[in-house]
Amino acid sequence: MEIAIIGAGIIGLATAWRTAAAGAAVTLVDPEPASGASAVAAGMLTPVSEVTYGEEPLLRLGLASRDGYAAFVAELEDLTGLETGYRTDGIIQVAFDSDDLKYLDDLRRFQESLGVPAEALTGRECRRLEPMLAPGVRGGLLAPEDGSIDPRRLTAALLAAADRTGVRLVRRRAAGVAVEHDAAAGVRLDDGTVIRADRVLLAAGPWSGDLGGLPPGTVPPVRPVKGQVIRLRTRTPFVGRATRGLVRGSAVYLVPRADGEIVLGATQEELGFDTRVTAGGLWELLRDARELLPGITELEFAEVTAGLRPCTPDNAPVLGRSALPGLFIGTGHFRNGVLLTPVSAAILSAMLVDGPVPGVAGPFSPDRFSAEVH
Ligand code: GLY
């Protein structure tokens, strides 16, 4: 079976590796692998901390992925000898004022009703866990099984794993899907050549709707949602685990790495394909982070970046067969691309090679949008 995958972001890379490991011949097409959202993302693995009303199927998918992460990372690190910065030390969520605390209380009740309780913490308990937190922090929640990973290290390991399992990487832009006899027959590159394939997976993140050659309605609606992220550095311990905060209703998070990097994110902006870093975006992040962790102003500044999350109308990914025979879709992971990598790769590779598809995939079929597209 010849499989072509458009897009070597974190989902395309992981799926290429798993699909090649399942015995298929895989070609991965991307001019700049791992250069999109996965190079910007902080890498929180937080299905419980980020659970949202009306998104319970996404919680189940996220839990399945989080619970499969350890084995996924172990296999990847064993194969490549590369470390991914995978951590399972929990996530603390803290509240700045009484309204923020009320929100966290409601969230805790919602988590409890779903059977994924987080532990309620007083302000003092929050500071015992994270001594750099401001004295005014009102309280918080601990999700002990959530965690984090370094997406840059993860994609580097996935690239190495793909290479070792025989994935052919074509560093060119895909201009379209080649369609013959009303079915996908390969990928048309920007220089006009066609890579022929029995099946094509479109995993081009927010650019998934931009390819030529596709009948209308083939690709579900996906749009970019910008996130600005700051990278800081510390030589002394600052936060011991990923720390999320609400500051007057505005969300901010810090994700520490073992090497002293601290990732501070993220804005959420509907600005199309704009990836400019703005003074206002950075100011909001630093302002809110300083309210929670005043010592942040002492940290060394390292980098600012902006990425584009691929978002669908229901905030959930699209995983599965499209209306065009032979074309599969794997995009729309929005705020959860890193978390959902193992389960999405398992689902998509199973579909591509006709293996047994994990049951959690059910609600994420592309055809759920078919009434909305024309
Ligand atoms: N999952 C965090 C973000 O998208 O900002």
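Both ligands and their constituent atoms are indexed starting at 1 by order of listing. Values below: every heavy atom of this structure, side chains too, minus hydrogens, waters and symmetry copies.
- Here D99 does not pair with K102 in a salt bridge; the nearest charged N to carboxylate O distance is not below 4.0 Å.
- For T80, the side chain to side chain contact (heavy atoms under 4.5 Å, CB included) criterion is met by L76, L82, A157, A160, A161, not counting sequence neighbours.
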Throw together a table of side-chain donor-acceptor distances under 3.5 angstrom for residues 19-28, partners on residues two or more places apart or in other chains.
residue, atom, partner, partner atom, Å
T19, OG1, T15, O, 2.5

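- Just one of T275, V263, V229 meets the side chain to side chain contact (heavy atoms under 4.5 Å, CB included) condition when paired with T305; it is V229.
- The immediate protein surroundings of ligand 1, defined as residues with any heavy atom under 4.0 Å of it, consist of M44, E50, Y253, A266, R309, R335.
- D191 is linked by a side chain to side chain contact (heavy atoms under 4.5 Å, CB included) to R172, L189, T193, counting only residues two or more places apart in sequence or in another chain.
- Under a 3.5 Å cut-off, the side chain of E291 and the backbone N or O of V247 do not form any donor-acceptor pair.
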